[in-house]
Amino acid sequence: MNLLGKTVVLTGAGGGIGACLAQELAKSGARLLLVGRESKTLERLRAILPGGPLTHMIHVADLCSAQDREALSLACADAQVDVLINNAGVGEFNLLENSNSEAIAALLDLNLNVPIQLTRLLLPALKARPTAAIINIGSALGSIGYPAYSVYSASKFGLRGFSEALRRELSDSNVRVMHFAPRATRTPLNDAKSQAMNTALGTATDAPEVVAQALLRRIHGNRWHASVFGWPERFYALLNALSPALTDGAIEKQLPEIKRFAMNES
Ligand SMILES: NC(=O)c1ccc[n+]([C@@H]2O[C@H](COP(=O)([O-])OP(=O)(O)OC[C@H]3O[C@@H](n4cnc5c(N)ncnc54)[C@H](OP(=O)(O)O)[C@@H]3O)[C@@H](O)[C@H]2O)c1
């Protein structure tokens, strides 16, 4: 898809991956509708984007509010949005027994319910465009269930399933659907405990700029099918689908370390 002149709504625009995506999208000639909860963050980002601040728009919204989502969908219809990128998300690195019901509900809401609801609201406007796309930012943990990420994994497995079904549901329409799944990325989403665990286990992590560039290559190349970004995670996702027992064994060996970091013991 050629993004030149396309209008793209990007949620979580002020975050680690979001801000890098905004740069790459603007570089490709897209006009952006930047969404986040803080106008100052969005204004700062808009000021440094290619194309100049007059090209891009900002929209302040708490996406967990149904009212804010309605207002955003009206703004998107007015702006004749061609592409929706559901990027806003939260993480929790914690054993399930140490989590609490509020944190679980908030994570499932933002990571799974919000993209589904926003997509439904924007679909009529997207269908009215000559070509349109919905891009859901998942995670490698949406293909590989990982200890201390059980709720996060559940949300991202759900998002992957939603994306796959919707891509097939819309395959006779003008709207393409992509699910893009980064592996661990160096952003504020990962707390100190999870970063320390990644270092101890030698887990590969990417810079958010690299993740954003990889997504842009997929958009430009019309590669709409679900894919985990990065090796060996893409291989493990495949292996896990074919033989979860093998993956169980490999991850079981890491479990004492994972638990040590999740429980913040030194
Ligand atoms: N970092 C990783 O290791 C990693 C790996 C795989 C996938 N991902 C996925 O990549 C996406 C972006 O994550 P990130 O790493 O860039 O995280 P991040 O730096 O923490 O950014 C998250 C963004 O979500 C927004 N957000 C949070 N709650 C919101 C709400 N209620 N309403 C509106 N916006 C809200 C935040 O906006 P505010 O500016 O308003 O706070 C922030 O811009 C997420 O879907 C995440 O699951 C991340």
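Atoms within a ligand are numbered from 1 in the order they appear, just like the ligands themselves.
Taking Q117 as the reference, N113 meet the side chain to side chain donor-acceptor pair (under 3.5 Å) condition, with sequence neighbours excluded. Under the side chain to side chain donor-acceptor pair (under 3.5 Å) criterion, T7 pairs with R31, not counting sequence neighbours. Under the salt bridge (Lys or Arg N to Asp or Glu O under 4.0 Å) criterion, E43 pairs with R46, sequence neighbours left out.
Within 4.0 Å of ligand 1, protein heavy atoms come from G12, G14, G15, G16, I17, G36, R37, A61, D62, L63, C64, N87, A88, G89, L110, I137, G138, S139, Y152, K156, P182, R183, A184, T185, T187, P188, L189, N190.
No side-chain N or O of T11 forms a donor-acceptor pair with one of N86 less than 3.5 Å apart. In the model, S194 has a side-chain atom that pairs as donor or acceptor with a side-chain atom of D191 under 3.5 Å.
Between D206 and R183 there is a salt bridge, since at least one side-chain N of the basic residue sits less than 4.0 Å from a carboxylate O of the acidic one.
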